[in-house]
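Here the structure is laid out as structure tokens; the discussion comes afterwards.
For clarity, every value in this text was computed on a predicted model and none was experimentally measured. Just so we're on the same page: letters track the sequence lines, and every chain starts at 1.
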There are 2 protein chains.
Amino acid sequence: METKINVLRALADETRLRIINLFIKSGQVLCVCELVDALKIPQYAVSKALTIIKNADLLTAEKEGTWVYYELNKGIVHNKNLFNFLKNYLSDEIFLEDETRLNDRLLLREGDKCVVGIIPESDLLKMIKQKAEA
Amino acid sequence: METKINVLRALADETRLRIINLFIKSGQVLCVCELVDALKIPQYAVSKALTIIKNADLLTAEKEGTWVYYELNKGIVHNKNLFNFLKNYLSDEIFLEDETRLNDRLLLREGDKCVVGIIPESDLLKMIKQKAEA
DNA sequence: TTGTTATATGCCATTTTTTGCATACAAACA
DNA sequence: TGTTTGTATGCAAAAAATGGCATATAACAA
């Protein structure tokens, strides 16, 4: 009981909802800096939001060097239903913009892994272009 | 955007979630005093919760004499998806107890309408028995 | 060791939410 | 009219959430 409400409370915040949306729509494992760039929100805010979502058992985390990769916790049956529902429910514009920025940011990955930290938005397009040329 | 978050915020509270659960599970139009008895929560708390849920466009209200009947707002496509999801998602014990008390309370209706106000829990069973005998 | 990078967290001020009580309102009835 | 009844709301205290900054931690690199 406590748990279901914790889950719904974890969803009841714009930042957290935008984060969850990115996991659901991208279907990816994501690290903190990728989320920071996609959301254009301070690192500490993303980190705090992730902690709350994780404490509600909606995410799992795995450390890899200095990077921490988060992932939807599909190990809970109810979570899967929730994610399926949200996949269609969250269709608003702000979410789409996040998704676009995340897709851009993921172009900088190498072998499915994040290899750079937080990138100022002004540099992102240049870096993508550079990488495309190389 | 604002709206989706408002909806999720409306769900992020135990009282409000228990109320929404009763509407979803019972499939009924319900008045305030029936909810008060089913939830065993003060009238003002139920009334305030209903206002918040209604402001999130999840409920509609209709006045009938001194009684006010609330109903799920299925006029919004996204709401229907939400209610379908919640119907399965909200399965915890506290919700079941509410549902049982509501079913008892609805036995006092006459012609699908509520005809009594808030009933002390100690009196409810007696009144049901009386009504059954009559 | 020292420095750097990615991430997390403690703290504080501010804002928002919740809770409880009292009371207001509105409709029915005497 | 006055009274009762079902419901809503204003207000203030308490509790909780939020936002921002600084800093801590942990892992890697030189």
Side-chain angles (χ1 to χ4, degrees), chain A residues 2 5-19 29-56 59-71 105 108-110 113-120 123, chain B residues 2 5-19 29-56 59-71 105 108-110 113-120 123:
Chain A
E2 241 326 76
I5 287 187
N6 277 347
V7 169
L8 290 169
R9 289 184 76 79
L11 301 178
D13 172 87
E14 179 172 322
T15 299
R16 299 195 293 265
L17 203 54
R18 288 170 65 194
I19 289 176
V29 174
L30 300 170
C31 76
V32 180
C33 58
E34 289 170 335
L35 290 167
V36 169
D37 288 344
L39 300 170
K40 299 203 289 183
I41 283 176
Q43 178 271 325
Y44 68 80
V46 172
S47 198
K48 281 181 179 177
L50 285 168
T51 299
I52 292 174
I53 302 170
K54 180 163 166 277
N55 285 342
L59 290 176
T60 59
E62 199 166 337
K63 197 159 191 172
E64 238 174 85
T66 49
W67 274 269
V68 177
Y69 287 95
Y70 286 83
E71 185 174 6
R105 180 57 216 281
L108 293 182
R109 280 192 172 188
E110 288 181 13
K113 292 295 170 190
C114 179
V115 292
V116 293
I118 297 170
I119 308 289
D123 295 358
Chain B
E2 241 325 75
I5 287 187
N6 276 348
V7 169
L8 290 169
R9 290 180 73 80
L11 301 178
D13 172 87
E14 179 173 322
T15 298
R16 299 196 293 265
L17 202 55
R18 287 170 67 194
I19 289 177
V29 174
L30 300 171
C31 76
V32 180
C33 58
E34 288 171 334
L35 290 167
V36 169
D37 288 344
L39 300 170
K40 300 202 288 183
I41 283 178
Q43 178 271 325
Y44 68 80
V46 172
S47 198
K48 282 181 178 176
L50 285 168
T51 299
I52 292 173
I53 302 170
K54 179 164 167 276
N55 286 342
L59 290 176
T60 58
E62 200 167 335
K63 196 159 192 172
E64 240 175 80
T66 48
W67 274 267
V68 177
Y69 286 95
Y70 285 85
E71 186 174 5
R105 180 52 160 77
L108 292 182
R109 282 192 171 186
E110 286 179 15
K113 291 295 169 191
C114 179
V115 292
V116 293
I118 296 170
I119 308 290
D123 295 357

Scanning both residues in full, the closest heavy-atom pair of B:Val116 with B:Cys33 reads O-SG, 3.3 Å
* Would you please test A:Val46 and A:Ile19 for side-chain contact (heavy atoms from CB on, under 4.5 Å) and show each step? => CA-CA 8 Å; A:Val46 172; A:Ile19 289 176; 4.2 Å; yes
Between CD1 of B:Ile118 and P of D:dT4 the distance, given in whole Å, is 17 Å
Quick note, B:Lys48 side chain, CB onward, closest among D:dT9, D:dT7, C:dG10 is D:dT9
Between N or O atoms, less than 3.5 Å apart, protein on one side and nucleotides 23-30 of chain C on the other: list the pairs.
none

Here the gap from A:Glu14 atom CD to A:Ile41 atom CD1, rounded to the nearest 0.5 Å, amounts to 7.5 Å
What contact category does A:Val116 fall into here, base, sugar-phosphate, or nothing, at under 4.0 angstrom with non-hydrogen atoms? sugar-phosphate
To the nearest angstrom, the CG-P distance between A:Asn55 and C:dA8 comes to 12 Å
List, one per line, each side-chain donor-acceptor pair under 3.5 Å for residues 62-69 of chain B, sequence neighbours excluded.
from	atom 1	to	atom 2	distance (Å)
B:Glu64	OE1	B:Lys113	NZ	3.3
B:Glu64	OE2	B:Lys113	NZ	3.1
B:Tyr69	OH	B:Cys114	N	2.9

When every non-hydrogen atom of B:Leu108 is compared with those of B:Val115, the smallest separation belongs to O-CG2, 3.6 Å
So salt bridge (charged side-chain N to carboxylate O under 4.0 Å, His left out) across residues 45-55 of chain B, not counting sequence neighbours, yields none
Would B:Leu35 and B:Leu50 count as a side-chain contact (heavy atoms from CB on, under 4.5 Å) here? Give the steps. CA-CA 10 Å; B:Leu35 290 167; B:Leu50 285 168; 3.9 Å; yes
B:Lys54 atom NZ is separated from D:dA8 atom P, nearest whole Å, by 8 Å
Separation of C:dA8 atom C1' from A:Trp67 atom CH2, nearest Å, is 16 Å
A:Ile19 atom CD1 is separated from C:dA8 atom P, nearest whole Å, by 11 Å
Short question: side chain of A:Arg9, backbone of B:Ala12 - any donor-acceptor pair under 3.5 Å? yes
What residues 34-42 of chain B contributes to the DNA chain D interface at heavy-atom separation below 4.0 Å is none
Atom CG of B:Leu17 and atom P of C:dT18 are separated, to the nearest Å, by 13 Å
Residues pairing under side-chain hydrogen bond (donor to acceptor under 3.5 Å, both in side chains) where one sits in residues 31-46 of chain A, two or more places apart or in two chains, turn out to be A:Glu34-A:Arg109, A:Asp37-A:Arg105, A:Lys40-A:Glu121
The reported gap from CG in B:Asn6 to CD1 in B:Ile52 (rounded to nearest 0.5 angstrom) is 10.5 Å
message = Check whether B:Arg18 reaches the backbone of B:Leu39 with its side chain - one donor and one acceptor, N or O, closer than 3.5 Å.
response = yes
B:Glu14 atom CD is separated from C:dT18 atom C1', nearest whole Å, by 13 Å
Taking only nitrogen or oxygen atoms into account, show me every contact under 3.5 Å that the protein makes with nucleotides 13-18 of chain D, one pair per line with its distance.
from	atom 1	to	atom 2	distance (Å)
D:dA17	OP1	A:Arg9	NH2	3.2
D:dT18	OP1	A:Asp13	OD1	3.2
D:dT18	OP2	A:Arg16	NH1	3.1

- [ ] State whether A:Thr51 places a side-chain N or O below 4.0 Å from either non-bridging phosphate oxygen (OP1 or OP2) of C:dT9.
- [x] yes
Separation of D:dG6 atom P from B:Leu108 atom CG, nearest Å, is 13 Å
Out of C:dT7, D:dT7, C:dA22, minimum distance to the side chain of B:Tyr44 belongs to C:dA22
Taking every heavy atom of A:Ala49 against every heavy atom of A:Thr15, the minimum-distance pair comes out as CB-CG2, 4.0 Å
*D:dG6 phosphate, OP1 or OP2, under 4.0 Å from B:Tyr70 side-chain N/O*: no
